[in-house]
Amino acid sequence: LNNARTPLCVPVAHMSTGPVGGGGDNLKYALLVGAAFVGGITYAVITIRGDQERHMERMAEISSRKQKSATKQPATQLHAEPHAAESTKMEAPPEPKPVVPPSPEDSSPPAEVTAPGAETASPSESAEPPAADSKPASPTLPSHAPYLLIGGGTASFAAARSIRARDPGAKVLIVTDEADLPYMRPPLSKELWFSDDPSVTETLRFKQWNGKERSIYFQPPSFYIDPEDLNSAENGGVAVLTSRKVVHMDVRGNKVKLDDDTEISYDKCLIATGGVPRNLQVIERAGEEVMKRTTLFRKIEDFKSLDKVSRNMKSITIIGGGFLGSELACALGRRSSESELEVIQMFPEKGNMGKVLPEYLSNWTTENVKKEGVKVITEALVKTVSYKDDKLEIKLKDGRLVKTDHIVAAVGLEPNVDLAKSAGLEVDSDFGGYRVNAELQARSNIWVAGDAACFYDIRLGRRRVEHHDHAVVSGRLAGENMTGASKPYWHQSMFWSDLGPDVGYEAIGIVDSSLPTVGVFAKATAKDTPKAATEESGTGIRSESETEDTASIAVASTTPAPPVEHKDKYGKGVIFYLRDKVVVGIILWNVFNRMPIARKIIKDGEEHADLNEVAKLFNIHED
Amino acid sequence: MSSIRQEGKDKIIFVTKEDHETPSSAEFVEEDPNDPYEEQGLILPSGEINWNCPCLGGMASGPCGTEFKEAFSCFHYSKEEVKGSDCLEQFRTMQECLQRYPELYPKEDDAPSSQTSEESASEEPSGANTEAGFEKDSDPTRPNSESSAES
């Protein structure tokens with residue numbers, strides 16, 4: 001155990017710019033004691049003058065740390081002297097750490113020198129507390145983090161995990177401007193809305209597919225360690241610094257500055273800043289009353305506020321027909337069946353998921369969204385929004401007028417590249433986000449993952465992906481590369497969406513409705529759609545030829561009734577997206593557990609002559 | 001009998017079960033088991049343990065990660081007849097650590113060590129259910145946590 005740990009302290013020490021200890025052990029410890037003594041006094045004086053808050057915390061820290069064994073102390077103490085004079089730079093907390101800890105572990109020669117050290121340490125300690133007591137406590141942040149992760153979302157957490165798994169005893173510091181510990185986003189627009197628990201907005205717990213309940217938080221607070229304890233943690237850990245924003249990045253100096261002027265230096269840094277929901281210009285220009293009644297949905301607080309709105313308002317309009325907009329529409333639509341809530345969804349495309357699904361499927365999906373109780377207005381371009389008579393009035397370009405109480409704008413995500421300027425990092429002009437290579441690296445020691453990363457996918461080309469699984473995959477990969485792996489983005493991430501009980505799909509790769517597609521669907525025969533038998537579909541016209549086909553077969557079978565219009569017309573199937581005859585994207589439509597096959601097909605990147613043959617691999621007729 | 005329809009650039013094929021009964025003529029490119037880019041399973045080609053394997057859940061990265069790694073490494077390299085019988089000390093240390101974090105490692109009937117075997121690489125250690133749940137996070141609504149959990 002000790003062998004594994006001792007090497008760790010050496011790198012930590014050498015990362016600072018102080019002198020390296022020389023000579024024999026005796027000299028080292030003598031220097032160290034002397035330095036600590038001088039440093040301790042000097043620092044104490046400076047701290048009292050400068051930062052009283054930090055100081056009090058430090059005192060509390062020291063007394064608690066006296067009990068901890070600290071083999072690292074000698075190494076870190078070496079830097080006490082040179083850095084004591086710098087009041088701006090916050091050094092590693094153990095600085096005035098009393099030399100008491102080393103004494104029990106060292107051999108007798110240093111013992112004589114530790115005695116004076118201990119004596120001097122105590123007076124300085126006793127002098128401080130009285131003064132410090134009157135000051136409010138505040139965290140003593142590490143001034144250096146071997147692994148600094150900017151952003152506290154999915155990608156960041158996945159990276160933290162990966163780093164900890166690969167680098168024994170790694171010390172990872174996550175800095176997030178949110179007040180929450182890392183959590184998963186998908187349930188905010190899915191499972192949390194379907195919970196039976198009335199206190200779900202507080203517990204933020206949901207039921208998974210397997211019936212097990214879990215919190216949206218990746219880990220409970222006990223998983224993490226306090227940022228103040230990060231440097232002294234024997235086996236390292238993950239610390240999260242909440243409600244702090246990184247405002248400046250100094251790439252040459254390998255350090256960042258927070259919004260409270262704290263500076264933290266790093267060895268490896270991950271930028272996982274995600275993005276900020278876009279808004280419509282017409283809403284931004286519409287004034288305070290409109291803005292007050294508009295939700296940009298992304299975080300836990302947005303979920304809580306929208307939940308409240310849905311219980312208090314009579315009408316909510318969602319602007320946007322993509323994943324988020326459609327999922328929220330379905331979630332709210334389901335609620336509308338229990339209350340008087342009117343749910344409207346409007347977007348410029350011809351159907352829900354119009355930018356993702358081929359037209360026929362987008363239309364079919366729209367019908368399903370309508371069945372969830374949503375009033376869908378397609379081909380809607382918002383011209384103005386105004387507040388009148390306690391209602392919001394949305395005027396469309398074609399003249400239609402929609403009156404509502406509240407708006408949810410789900411019109412895309414603006415990747416957060418605030419640090420690009422100070423850091424001198426490239427921003428991609430096509431996709432937005434930080435431009436990184438295939439290994440997610442922007443520059444030496446800087447990686448980017450998640451929504452904010454525009455990366456080079458070896459197989460599919462340069463892209464930027466805004467999905468949960470991509471955040472996990474890219475976060476993991478960044479973590480691996482930060483610990484020396486040098487792997488490119490290779491394991492293709494997937495995504496999924498559920499829009500009501502009849503539309504559930506998983507997808508992988510590039511799924512863009514502008515690409516040519518080949519969809520292979522299971523032809524529903526009379527015997528395998530019992531539940532659909534009683535319902536008529538709204539898409540009757542196109543399916544006439546199908547029913548005629550099935551009619552001739554059904555005559556021979558035992559079912560006397562003519563094959564009915566199934567509402568599951570596009571019940572189950574696979575849709576291939578092609579680029580230059582190669583499959584670059586696949587949607588598994590109401591067909592589950594086959595993602596590895598889809599992943600393989602994309603990875604191979606082969607030209608397949610007959611996609612029906614490829615579709616056979618999925619066994620779409622089975623469950 | 002399958003039916004094919006073309007709607008602009010989109011082709012739509014309806015197939016019956018019988019249509020799909022004949023084996024597929026589509027071929028896969030052969031996999032390279034030693035491909036360094038691929039997601040690795042629990043054991044790397046070198047014989048070492050892949051601590052980043054999703055199958056381990058967060059056991060190797062949590063607060064008891066070090067203890068877990070010690071115990072499991074010992075088990076992995078154990079040459080005893082009863083594999084791991086020389087690792088009791090490490091497992092005990094690990095157990096002690098796990099007990100200090102009941103939130104993360106809830107008490108279950110089976111000890112985590114017995115489940116974290118190479119044979120059941122796809123199973124999550126029961127003692128780390130909540131932690132392990134992370135890997136399934138990427139796909140909470142689907143069985144067999146997809147994506148990054150699959151290797």
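Only this structure's heavy atoms are used, side chains among them; waters, hydrogens and symmetry mates stay out. Naming convention: chains lettered A, B, ... in sequence-line order (proteins, then strands); numbering from 1 in each chain.
If you measure heavy-atom distances from S513(A) to chain B, the contacts under 4.5 Å come from the backbone alone. Heavy atoms closer than 4.5 Å to chain A are found in the side chain of Y101(B), but not in its backbone. Neither the backbone nor the side chain of I216(A) comes within contact range of chain B, judged by heavy atoms closer than 4.5 Å. Heavy atoms of N50(B) lying under 4.5 Å from chain A are absent altogether. Heavy atoms closer than 4.5 Å to chain B are found in both the backbone and the side chain of A615(A). Only the backbone of E27(B) comes within less than 4.5 Å of a heavy atom in chain A; its side chain stays farther off.
Residue E30(B) qualifies as open at atom CD: its count of foreign heavy atoms under 6.0 Å is 12 or below.
Chosen from E21(B), E38(B), Q6(B), the residue pairing most often with chain A at heavy-atom distances under 4.5 Å is E38(B). When the candidates L515(A), V172(A), I163(A) are compared by the number of heavy-atom contacts under 4.5 Å with chain B, L515(A) comes out ahead. Residue with the most contacts toward chain B among A609(A), G237(A), P488(A): P488(A) (heavy-atom pairs, distance under 4.5 Å). Between chain B and the options E622(A), K600(A), E480(A), the largest number of non-hydrogen pairs under 4.5 Å is found for K600(A). Per-residue heavy-atom pair counts under 4.5 Å with chain A were compared for K9(B), E31(B), K69(B), and the maximum is reached by K9(B).
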Candidate pair D35(B) and W490(A), rule side chain to side chain contact (heavy atoms under 4.5 Å, CB included), full reasoning: CA-CA 11 Å; D35(B) 189 348; W490(A) 189 239; 3.8 Å; yes

Verdict with supporting geometry, I620(A) and V15(B), side chain to side chain contact (heavy atoms under 4.5 Å, CB included): CA-CA 9 Å; I620(A) 57 179; V15(B) 290; 4.1 Å; yes

Step-by-step salt bridge (charged side-chain N to carboxylate O under 4.0 Å, His left out) determination, K523(A) to E18(B): CA-CA 10 Å; K523(A) 191 182 237 172; E18(B) 293 72 41; over 6 Å; no

Test log, rule side chain to side chain contact (heavy atoms under 4.5 Å, CB included), inputs V29(B) and K603(A): CA-CA 9 Å; V29(B) 168; K603(A) 185 174 95 153; over 6 Å; no

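Side chains of K616(A) and T22(B): a donor-acceptor N/O pair is present below 3.5 angstrom, by distance only.
Going from atom OH of Y105(B) over to atom OG of S222(A) covers 9.0 Å, rounded to the nearest 0.5 Å. Distance check: W51(B) CH2 to R164(A) CZ gives 13.0 Å after rounding to the nearest 0.5 Å. Distance CG/D10(B) to CD/E359(A): 8.0 Å, rounded to 0.5 Å. The line from CG of N619(A) to NE2 of H20(B) is 9.0 Å long, rounded to the nearest 0.5 Å. To the nearest 0.5 angstrom, F576(A) atom CZ is 9.0 Å from I13(B) atom CD1. Remark: S25(B) OG to N612(A) CG distance equals 9.0 Å, nearest 0.5 Å.
Shown here for S61(B) and A165(A), the closest heavy-atom pair between the two residues is CB-N, 4.0 Å. Among all heavy-atom pairs drawn from R476(A) and N52(B), the shortest one is NH1-O, 2.9 Å.
With ring centers used as reference points, Y37(B) lies 6.0 Å or more from Y489(A).
No side-chain heavy atom of S24(B) sits under 4.5 Å from any side-chain heavy atom of V614(A).
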